[in-house]
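In what follows, a structure is listed as structure tokens, so that the remarks can point back to it.
Letters A, B, ... are given to chains in the order of the sequence lines, protein chains preceding strands, and every chain is numbered from 1. Just so it is clear, the model here is predicted, and its values are computed rather than measured.
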Amino acid sequence: MSGEKEQWFGPGETARRVGVTTKALRVYEREGLVVPHRAESRWRLYGPTQIARLHQIVVLRDLGLSLKSIKKLVGDHPRLRDILRLQRETLESQQDKIKRAIAIIDVALCQIHEGRDLSLDELAILTKETLMQQPADKKKFLARFEALIAEQDPTGQASRTFDEIKKEYDGDAHKVALKALMEEASRLKEVGDVNSEAAKEFVRRVRSRTAGIRRSTSQAEQELIRDAYTKTLAEAQARSESLWFDPAVLEFFRQVAQGMKERGELN
DNA sequence: ATTCTCACA
DNA sequence: TGTGAGAA
């Protein structure tokens, strides 16, 4: 083909051209990502194929991929699109982690601000409660939830409503407030009286917060979303996936609201 | 300016 | 996932 002879470089020159250290080259070799040729002298020699592969390795590494995943990717013939999708997912999950950490700090700061001094032990408990939840499962749950809504939603109106609800509750302040609400709900549910004044008061309070959403959403859409939720929950439980909320608490308040409706205590 | 191994972060 | 030391 071309008159140009194949060029072979020693470790130093190769490292310089690829933008890594010779140490790194040998780590990649140890992990089975590149196999350089050897001169009689036992010196490593890197040719065009090796250099090309090294370039692939460094670009994937700069994306934050582990050597182990890079090994799988360069060995196979992956579409760049698939690599980027994969990496996007892991970055998103890291982002979730950071967001949860911030939420924990916000809750702690909030309590300190109120004059309540947290011990490290209490912070540890807070961390366990908030950080231990599985972001992957949560995302999976929400994705399935949305998919089921879309399935039964020819006009797309219910999906738009769901999007709005998600946006509405996406802020950190809302998340902290929501967490407080869930804790209160959990305590009320432990009491177990669906007709207690406290439970009914709680329902009224939550409904007043969500009045706007309910007003702008048709009965049919609300039912559609409810159905999708029930199905998603059933599927998740069938796979015994962990959830970040307690479905029993929601069911408890569904009963409270049901009772109130039957007695005409709700509009 | 290279090889290898080992300890260390 | 690399780095630095030390011997060859």
| task | Identify the 5'-most and 3'-most nucleotides of DNA chain C with at least one atom closer than 4.0 Å to a non-hydrogen atom of chain A. | result |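 Contacts span C:dT1 to C:dA5, reading 5' to 3'.
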
| message | If the condition is side-chain hydrogen bond (donor to acceptor under 3.5 Å, both in side chains), which residues does A:Q152 pass it with, not counting sequence neighbours? | response |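 Result, side-chain hydrogen bond (donor to acceptor under 3.5 Å, both in side chains) vs A:Q152: none returned.
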
| message | I'd like to check the side-chain hydrogen bond (donor to acceptor under 3.5 Å, both in side chains) partners of A:T217; sequence neighbours left out, ordered by chain and number. | response |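 Partners of A:T217 under the side-chain hydrogen bond (donor to acceptor under 3.5 Å, both in side chains) test: none.
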
| query | With sequence neighbours left out, what residues match A:E221 under salt bridge (Lys or Arg N to Asp or Glu O under 4.0 Å)? | reply |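 Partners of A:E221 by the salt bridge (Lys or Arg N to Asp or Glu O under 4.0 Å) criterion come out as none, since no residue qualifies.
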
| task | Quick one: list whatever passes salt bridge (Lys or Arg N to Asp or Glu O under 4.0 Å) with A:R215, sequence neighbours left out. | result |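 Result, salt bridge (Lys or Arg N to Asp or Glu O under 4.0 Å) vs A:R215: none returned.
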
| message | Which residues end up grouped with A:W8 if you chain together Ile, Leu, Val, Met, Phe, Trp and Tyr wherever their side-chain heavy atoms are less than 4.5 Å apart? | response |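 ILVMFWY cluster around A:W8 also holds A:L45.
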
| Other than A:I105, which residues form its hydrophobic cluster under the rule that side-chain heavy atoms must be closer than 4.5 Å? |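 Besides A:I105, the cluster holds A:L109.
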
| task | Please lay out, stage by stage, how A:I104 and A:L123 fare under the test side-chain contact (heavy atoms from CB on, under 4.5 Å). | result | CA-CA 8 Å; A:I104 291 167; A:L123 186 60; 4.2 Å; yes

| If you find the nucleotide of DNA chain B closest to A:R30 and the one closest to A:G10, which residue's nucleotide is nearer the 5' end? |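 On the 5' side of the pair lies A:G10.
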
| Got a sec? Which of residues 16-27 of chain A come in under 4.0 Å of DNA chain C, heavy atoms? |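 Listed by number, they are A:T21, A:K23, A:A24, A:V27.
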
| request: Specify the residues of residues 49-58 of chain A, ordered by number, for which at least one heavy atom lies under 4.0 angstrom from an atom of DNA chain C. | output: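 Correct list: empty, so none.
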
| Which residues satisfy the side-chain contact (heavy atoms from CB on, under 4.5 Å) test with A:R26, sequence neighbours excluded? |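 For A:R26 the side-chain contact (heavy atoms from CB on, under 4.5 Å) partners, ignoring immediate neighbours, are A:R44.
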
Under 3.5 Å, which donor-acceptor pairs link side chains of residues 228-236 of chain A to any protein atom two or more places apart or in another chain?
| unit_1 | atom_1 | unit_2 | atom_2 | d |
| --- | --- | --- | --- | --- |
| A:T230 | OG1 | A:R226 | O | 2.9 |
| A:T232 | OG1 | A:A228 | O | 2.6 |
| A:E235 | OE1 | A:R144 | NE | 2.7 |
| A:E235 | OE2 | A:R144 | NE | 3.4 |
| A:E235 | OE2 | A:R144 | NH2 | 2.9 |

| Same-atom distance (C1') from C:dA8 to B:dA1, integer angstrom |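 Those two atoms are separated by 14 Å.
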
| message | Would you say A:R38 places a side-chain N or O within less than 4.0 Å of OP1 or OP2 belonging to B:dC4? | response |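 So the side chain of A:R38 is within the cut-off, an N or O lying under 4.0 Å from OP1 or OP2 of B:dC4.
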
| What pairs meet the ring pair (Phe, Tyr, Trp, His ring centres under 6.0 Å) rule with one or both residues in residues 181-206 of chain A, with sequence neighbours excluded? |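 Counting only pairs at least two positions apart or across chains, the ring pair (Phe, Tyr, Trp, His ring centres under 6.0 Å) contacts touching residues 181-206 of chain A are A:F202-A:F253.
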
| said: Categorize A:S41 for me: base, sugar-phosphate, or nothing, with a 4.0 angstrom heavy-atom threshold over every strand shown. | reply: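 It contacts nothing in the nucleic acid.
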
